[in-house]
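Here the structure is a predicted model, which is why all the values come from computation and not from measurement.
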Amino acid sequence: MKRMRLLTDLADLIQRPSHGTSFNPNTAKWRYKAGTYADALYPILLHKKWTQLPRYMIAGMTASLFRFVVDRRLTRESISAYNWMAENFVAADFIGVTASQAAGFSFEPTFPLYQKHALQNIKNSIDRGTGAVLWHDQFVVVVGYDDDDEVLFFCTGDDPDVLRLPYSLVGQNNSPYWYFQVLEAHQSIDMWEVCKESLIQAVFKWETHDYMLPAQDYACGSAAYTAVADVLQSGNYESNQAAAVLRYYAYTRGDISSYVRALEHLSPHMDQVIEQYTQLADLYVSIVEVLDNSAAWDASEPESILRVSELIRSAGDTEQAAIDAIKHAFPETINNRFSDIGLR
């Protein structure tokens, strides 16, 4: 007896997000194609009808929008360099989702046991009608499986087809890391309290280095802006990877601008938060305009590099002003955390 399950409606939603749904058209604007956790989480939430909010609202509420991390060579790894187990679990919890997950290294002798465990959990999730999040050199959505062919079916935001992954290759990535997460249940939340908390987490991410990342290799929050300027000045980077990182952060800063505008009522002082993040998004638009002149950027023409470096410094000052505005808007909440505003 053939055992196969494919969530075709979820696959269609990922590949054609506005096709055949009754959701707000704004929810279709989620496909940056960066392969982030939010890119994989969001269509599953839509499919389960656990949200009708735009993607930027979910990314903001989980606080993932506010992450700013770079490695010191501006490689694409910057986009996914953080503590997956801690942050992805909390991200789901913030929006009322109960999740199970596991991660590790594929070179460990016990990996085959973990691989078998991951496969079973993912297949069980598919049988419940819920897609699963899997790291496969980016975060992807598993939408089905076929036991006869021993393959998982998965989708990404940048490929029009449903792709196949042999069971034997689950967790076998270009990097030694493996990870999966399955979403199990959803409950209602106080949305505006979560939104306020996300702004507190924005301050925490800006001021705190991720303890999982070696400081000699990575920079986080405010320190990341200095690192970007230093890398550009040194020339120790690949232009296409640096451009991908800068475009990604331009995308997230644009989404932050949209997000904070939706939170205007949370404080009488939110107007300053909105103003600073709007200016920040505009600065990143200017950065992308330089990147769009790919010939000059790829050739590392001094004028292009200097222009981006100047804009990055201005963006760092502006994002600092935005964080200061958040502190001014919510002083009591932040001060009540004493020295650890990272408390959930």
Original post:
Is the centre of the Tyr225 ring less than 6.0 Å from the centre of the Phe68 ring?
Top reply: yes
Original post:
Looking only at atom types and distance, does a side-chain atom of His269 sit under 3.5 Å from a main-chain N or O of Val273, one as donor and one as acceptor?
Top reply: no
Subject >> Criterion ring pair (Phe, Tyr, Trp, His ring centres under 6.0 Å) against Tyr177, the qualifying member of Phe105, Trp135, Phe139 >> reply: Phe105
Subject >> Arg5 bridged to Asp147 by N-O distance under 4.0 Å >> reply: no
Original post:
Can you tell me if Asp93 uses its side chain to pair, donor with acceptor, with the backbone of Phe89 under 3.5 Å?
Top reply: no
**OP:** Provide the closest heavy-atom pair for Val203 versus Ile326 in the form atom of the first, atom of the second, distance.
**Re:** CG2-CG2, 3.7 Å
Original post:
Taking the side chain from Thr130 and the backbone from Ile126, do they hold a donor-acceptor pair closer than 3.5 Å?
Top reply: no
**OP:** Check for a donor-acceptor pair, side chain of Ser125 on one end and backbone N or O of Ile122 on the other, with a separation under 3.5 Å.
**Re:** no
Residues 303-313 side chain polar contacts: donor-acceptor under 3.5 Å, at least two apart:
from, atom 1, to, atom 2, distance (Å)
Ser309, OG, Ile305, O, 2.9

Subject >> Salt bridge Arg253-Glu319, side-chain N to carboxylate O under 4.0 Å >> reply: yes
Original post:
Does a side-chain N-to-carboxylate-O contact under 4.0 Å join Glu207 and Lys327?
Top reply: yes
**OP:** With the side chain counted from C-beta on, respond yes when Thr75 and Val70 share a heavy-atom pair under 4.5 Å apart, and no when they do not.
**Re:** no
Original post:
Is there a side-chain contact between Arg261 and Ile256 (heavy atoms, below 4.5 Å)?
Top reply: no
**OP:** Just do the side-chain contact (heavy atoms from CB on, under 4.5 Å) check on Tyr218 and Glu77 with the steps written out, would you?
**Re:** CA-CA 10 Å; Tyr218 297 90; Glu77 184 189 356; 2.7 Å; yes
Subject >> Minimum heavy-atom distance Tyr237-Ser300, with the two atoms named >> reply: OH-OG, 3.8 Å
**OP:** Might you work through the salt bridge (charged side-chain N to carboxylate O under 4.0 Å, His left out) test for Arg73 and Asp217, ending with a clear yes or no?
**Re:** CA-CA 8 Å; Arg73 293 190 61 191; Asp217 299 321; over 6 Å; no
Original post:
Do the side chain of Asp137 and the main chain of Asn174 share a donor and acceptor less than 3.5 angstrom apart?
Top reply: yes
Subject >> Check: Asp39 main-chain N/O paired with Thr36 side-chain donor or acceptor under 3.5 Å >> reply: yes
Subject >> Arg67 bridged to Asp210 by N-O distance under 4.0 Å >> reply: no
Subject >> NZ/NE/NH1/NH2 to OD/OE distance under 4.0 Å, Arg76 and Asp71 >> reply: no
Original post:
Distance only, no hydrogens: is a donor on one side chain within 3.5 Å (strictly under) of an acceptor on the other, for Ser100 and Glu184?
Top reply: yes
**OP:** Ignoring hydrogens and angles, tell me if any N or O in the side chain of Gln101 forms a donor-acceptor pair with the backbone of Met85 under 3.5 Å.
**Re:** yes
Original post:
Quick one: does Gln15's side chain have a donor or acceptor within less than 3.5 Å of a partner on Pro160's backbone?
Top reply: yes
**OP:** Determine yes or no for a side-chain-to-main-chain donor-acceptor pair under 3.5 angstrom, with Gln115 supplying the side chain and Ser168 the backbone.
**Re:** yes
**OP:** Please work out whether the ring planes of Trp84 and Tyr82 are parallel, tilted or perpendicular, with thresholds of 30° and 60°.
**Re:** perpendicular
**OP:** Taking the side chain as every heavy atom from C-beta outward, state whether Cys220 and Trp206 have any atom pair closer than 4.5 Å.
**Re:** no
Original post:
Just by distance, do the side chain of Trp297 and the backbone of Ser239 share a donor-acceptor pair under 3.5 Å?
Top reply: yes
Original post:
Are Arg164 and Asp146 close enough for a salt bridge, meaning some N to O gap below 4.0 Å?
Top reply: no
